[in-house]
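Notes follow the structure.
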Amino acid sequence: MFKRVVLGISLIALISGGSIISMKYNTTNAVNFDRVIKRKDYNYVSFQNLYENPQLYVGTKIYQYGTVEKVVFNSDNSYMLVVLNGKDQSNIIKLNFDYSKTDNANRFSVGTKVRFYGKVAKSEDYETAKGRETTRPVVNANYVDLKK
C-alpha cells in the first residue's frame, strides 16, 4: 500500500472493508497511513449498559458517539468528558486519549460531536458540582475523530 500520498487536506478517513484508516497530516502536505482501526473488532455499548454494569465491560473494545462537554490537554493525561445521550448531563463518560498521538487534537472543543473507538477501563469516582459522590464510565481511546 502507499506510504505517502500528497493531499492538501488535514485529515481523511477511508471506510472500506470494515476498516477505518486514519491518515495524519504533517507539515510537508503528505499523508501517512499510520493507523488502522477495524470497526468489526469494536462493539457498540450504550451508556446505560456501561453505567449499570461497568465490571462486565472492563477491557472490552467499544465504539460510541457523543458531544464533548470538557477537554483537558496535557502531556501525560489528556481527556474529554463526553455526553453520550443527547444533552443529558448525567450520561457522561471520561474519554482518555494520548494528546501526542491525536491528529489535530485542538479541534476537539466543547460542543463538538465526536466518535471514538477504545477499551473500557475501570469506572472512576468523582464529586459533582453539587458535592455529591458518583461514578462515571471511563474509556481509553484508540481513535477519536469528529462525527460527520
Are [X] and [Y] packed together at the side-chain level, in the sense that at least one heavy-atom pair is separated by less than 4.5 angstrom?
X: Lys113; Y: Tyr65; answer: no
X: Thr60; Y: Lys119; answer: no
X: Ile62; Y: Val139; answer: yes
X: Thr134; Y: Asp125; answer: no
X: Leu95; Y: Tyr79; answer: no
X: Val114; Y: Phe108; answer: yes
X: Gln64; Y: Ile93; answer: no
X: Val82; Y: Thr67; answer: no

For residues [X] and [Y], report the shortest heavy-atom separation together with the two atoms involved.
X: Tyr44; Y: Tyr63; answer: N-CE2, 3.4 Å
X: Ser123; Y: Pro54; answer: OG-CB, 3.2 Å
X: Phe47; Y: Ser90; answer: CZ-O, 3.4 Å

Original post:
Would Asn49 and Tyr51 satisfy side chain to side chain donor-acceptor pair (under 3.5 Å), going step by step from the backbone distance to the final call?
Top reply: CA-CA 5 Å; Asn49 285 336; Tyr51 186 77; over 6 Å; no

**OP:** Not counting sequence neighbours, list each pair that qualifies as a salt bridge (Lys or Arg N to Asp or Glu O under 4.0 Å) and has a residue in residues 58-75.
**Re:** none

Subject >> Residue pairs passing the salt bridge (Lys or Arg N to Asp or Glu O under 4.0 Å) test where at least one lies in residues 128-137, sequence neighbours excluded >> reply: Glu124-Arg136

**OP:** Just do the side chain to side chain donor-acceptor pair (under 3.5 Å) check on Asn142 and Tyr42 with the steps written out, would you?
**Re:** CA-CA 11 Å; Asn142 294 326; Tyr42 293 79; 2.8 Å; yes

Side-chain heavy atoms nearer than 4.5 Å, only ILVMFWY residues, links allowed to pass through others: does that put [X] and [Y] together?
X: Val144; Y: Ile92; value: no
X: Val83; Y: Val68; value: no
X: Leu146; Y: Leu84; value: yes
X: Leu81; Y: Tyr126; value: yes

Subject >> Euclidean distance, Phe116 CZ relative to Asn96 CG, rounded to 0.5 Å >> reply: 11.0 Å

Original post:
What's the spacing between Asn91 CG and Leu50 CG if we round to 0.5 Å?
Top reply: 10.5 Å

Subject >> From Asn140, Val72, Val138, residue fulfilling side chain to side chain contact (heavy atoms under 4.5 Å, CB included) relative to Lys94 >> reply: Val138

